[in-house]
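Structure first, commentary second.
Since the model is a prediction, treat every value here as computed from it, not as a measurement. Labels below follow one simple rule: chain letters A, B, ... track the order of the sequence lines, proteins then strands, and each chain is numbered from 1. Side chains included, hydrogens not; waters and symmetry mates left out as well; all remaining heavy atoms used.
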Protein chains: 2
Amino acid sequence: MTTTLLDLPTPAALLERPRLEANIARMQRRIAGLGVALRPHVKTAKCLEVATLQRAAGARGIAVSTLKEAETFFKAGFDDIVYAVALPPNKVPAAIALQRAGCDLKVIVDSLPAAQALVALAQLERVAMKVLIEIDSDGHRAGVKPDSDELVAIGRALHEGGMALAGVMTHAGASYDCTSATALVAMAEQERSRTVRAAERLRAAGLPCPVVSVGSTPTALTAEHLDGVTEVRAGVYAFFDLVMAGVGGEGVCRLDEIALSVLTTVIGHQADRGWILVDAGWMAMSRDRGTAVQAVDWGYGAVCARDGTPLAGLVLHGANQEHGIVQVDGGAGDATLAERFPVGSLLRILPNHACATAAQHEAYQVVDGERVTARWARFGGW
Amino acid sequence: MTTTLLDLPTPAALLERPRLEANIARMQRRIAGLGVALRPHVKTAKCLEVATLQRAAGARGIAVSTLKEAETFFKAGFDDIVYAVALPPNKVPAAIALQRAGCDLKVIVDSLPAAQALVALAQLERVAMKVLIEIDSDGHRAGVKPDSDELVAIGRALHEGGMALAGVMTHAGASYDCTSATALVAMAEQERSRTVRAAERLRAAGLPCPVVSVGSTPTALTAEHLDGVTEVRAGVYAFFDLVMAGVGGEGVCRLDEIALSVLTTVIGHQADRGWILVDAGWMAMSRDRGTAVQAVDWGYGAVCARDGTPLAGLVLHGANQEHGIVQVDGGAGDATLAERFPVGSLLRILPNHACATAAQHEAYQVVDGERVTARWARFGGW
């Protein structure tokens, strides 16, 4: 018996496999074309099947955002892992345990105190941890400045402390705020040049720096060249989302490339207010409002027909825990709503931010149009 | 061996048991004092242990937001359940299955088409479902207007279709937007009076209406009387949160009554920007920004010391997936940050919205101050 969308309880996370595979192939082709390795960030999907497709397409290693991801993927045979969040002392024992179990784990520090604490703890355990220094290439979040004295001091502390200084890494998170294609290209170049600059300074100080790792989906898809870079990390490209469809003004994907959506059932109407009530609230979509600062604000999501065709003018305007409010054309009263979208109708909602929406679900219903072909588990927690 | 906060991986959801028990006792005392039954909404905690404490304190029955909650709590011995979201046709079979298994389930409809669909499906299965009609008491979301012709038409369709018309229910979600204590009291009275009015209209039409169910935490804690009401549903009161501490201007709880917090580790600094980086991002806190529209905007959360003491002037200003940015006093540069909050320090973050933050975690670490006394599982999904 064929399973279709009609057989699914709602809300449900749908993953369009043809789009997923096309997105994976696109990024792999692009990064290979720039002459560097692609290391997918598995924090978006947190799903073994997705990472397996990425590896089969040519990806080398993975990046993770939690040690639980590292442990889970390592157990499943992914042994080249960058834990891309700065490692505090209380997480060093778990990182050492992973390395001792045979995982080729690279950890991150971005300050001298953290480097010194890591050295002290690793020396006690007689382990040489592989360490990347996080570079602040955009003032967006974490990392040490590429021209700072602290960069070389960290490198020296790690190297002289017996750690394997693996190189430098950055994440140009500020790329999400770019409002033009030109700004995106410039951000990609800034990410590249500042990180390469940090690598050169370490090498000039006589320190090893084999890895130069950069990455964000917007910069990965717009960089004109990646001279001096050895690998790109990116995550959301596998699914894409509305933020990626709007980033840099014209976006780095089209709506019909977004692989993740939420299947929802119409549960009611407020015809006088132009509202359709659905069973996808923030529990199913997340509270992410990433498009609120973009040229096109999609509310909590873009509404599509059951088959995935966008319904122009319909957005998920409001979200309570298990109630979503779909608003029709600015919310004008509309007595025909119940006829056009009767209670029980199925709709799909494209998410603002795939990482956040996916995190609200325990599994993906893998679909090809209206046909459900598989259920892939995902995991959460720490 | 005693387990303390120092033994927990971070981020972790902490539940202060003394506060939880005091919050449960406070609401139970208040609602009993108003002469009606309290039906806790278990969507906030989704935790058997919490609901067990609520029952032990005197609560009667539970409200749920998903059929999975209904199924899980029914299996654990909670058999008086209101599924407080409108039931679309594709969920009727699961509701019937629960009732057949012995669950005293009440379902909700708020339109004539939904009532007719329910009647048709239930008649096919020869089951008399117990049904509440949802009343729109505040224009906030779902429900039928108390003075509408549709209300009586729905009642008649259910009653004449052989369903057990159990009564009316409402949720004054607009109470969350009240900015003064006076407005909250007025909203509570509006919620009560409009729902009672709906009940009276059904009875005047010769229809049964034994249950008159209202509820939201803010109105439950401010209603001056509940004449004509038979039960109050409320959920977030068990945990409270920053939104509840600010609702109606002066709030319905104090900061030191908030039972849920997220334990986080300092992972870095950007001293020139006055930032402390922590490992609680939106994955641990949710993207909820409920206090953004209140008099005091707490960003993604209020920062406390490890023991729970609020640290004045510190808020979780930014949140990426696994990075939080704590900002010190407006974000001015501060060279002493690393001394005051060294890498590896533990902090607690009080959440904007407990339902949303709790949903990001698989379990609660139950604590009494810095001592961890239990781990209570919670569940998600549909």
Donor-acceptor pair, side chain of [X] and main chain of [Y], under 3.5 angstrom:
| X | Y | result |
| --- | --- | --- |
| A:Thr336 | A:Glu339 | no |
| A:Arg287 | B:Gly290 | no |
| A:Arg378 | A:Ala358 | yes |

Using a 4.5 angstrom heavy-atom cutoff, name the option from [options] with the most pairs to chain B.
| options | value |
| --- | --- |
| A:Cys355, A:Ala114, A:Pro9 | A:Cys355 |
| A:Asn320, A:Ile325, A:Leu6 | A:Asn320 |
| A:Ala12, A:Gly344, A:Ser65 | A:Ser65 |
| A:Ala86, A:Ala363, A:Ala94, A:Ala84 | A:Ala86 |
| A:His269, A:Arg141, A:His361 | A:Arg141 |

Check whether [X] gets within reach of chain A through its side chain, its backbone, both or neither, counting any heavy atom under 4.5 Å.
| X | result |
| --- | --- |
| B:His140 | both |
| B:Thr10 | both |
| B:Ser286 | neither |
| B:Asp288 | both |
| B:Leu67 | neither |

Taking side chain as C-beta onward, heavy atoms only, is A:Thr265 less than 4.5 Å from A:Ser345?
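Side chain of A:Thr265 against side chain of A:Ser345, heavy atoms only: no contact under 4.5 Å found.
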Heavy-atom side-chain contact between B:Val262 and B:Thr357 under 4.5 Å:
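They are in contact (side-chain heavy atoms under 4.5 Å apart), so the answer is yes.
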Side chain, backbone, both or neither: which part of [X] has a non-hydrogen atom closer than 4.5 Å to chain B?
| X | answer |
| --- | --- |
| A:Pro342 | neither |
| A:Val144 | neither |
| A:Arg273 | side chain |
| A:Ile267 | both |

Do B:Leu316 and B:Met285 pass the side chain to side chain contact (heavy atoms under 4.5 Å, CB included) test, and can you show the C-alpha distance, the side-chain angles, and the key distance before you say yes or no?
CA-CA 10 Å; B:Leu316 191 64; B:Met285 299 305 303; 3.6 Å; yes
Face-on cation placement of A:Arg375 at A:Tyr364 ring, 6.0 Å and 45° thresholds:
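No, A:Arg375 and A:Tyr364 do not form such a contact.
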Before accepting this row, confirm whether a basic side-chain N of the pair B:Glu69/B:Lys43 lies closer than 4.0 Å to the acidic partner's carboxylate O.
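Answer for the salt bridge query: no.
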Would you please say whether a donor-acceptor pair under 3.5 Å links the side chains of A:Glu322 and A:Trp282?
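Short answer, no.
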When [options] are compared by non-hydrogen pairs under 4.5 Å with chain A, the top option:
| options | value |
| --- | --- |
| B:Ala284, B:Ala117, B:Ala359 | B:Ala284 |
| B:Asp136, B:Asp110, B:Thr66 | B:Asp136 |
| B:Glu134, B:Lys145, B:Lys68 | B:Lys145 |
| B:Gly143, B:Gly268, B:Gly173, B:Gly318 | B:Gly143 |
| B:Pro113, B:Pro89, B:Ser111 | B:Pro89 |

Determine the sole option in B:Leu87, B:Val82, B:Val92 for which the side chain to side chain contact (heavy atoms under 4.5 Å, CB included) test with B:Val107 is passed.
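Answer to the side chain to side chain contact (heavy atoms under 4.5 Å, CB included) test with B:Val107 among B:Leu87, B:Val82, B:Val92: B:Leu87.
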Neighbour count above 12 (heavy atom, 6.0 Å) for A:His317 NE2
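No.
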About how many Å separate CG of A:Asn90 and CG of B:Asp7, when rounded to the nearest 0.5 Å?
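CG of A:Asn90 is found 11.0 Å from CG of B:Asp7.
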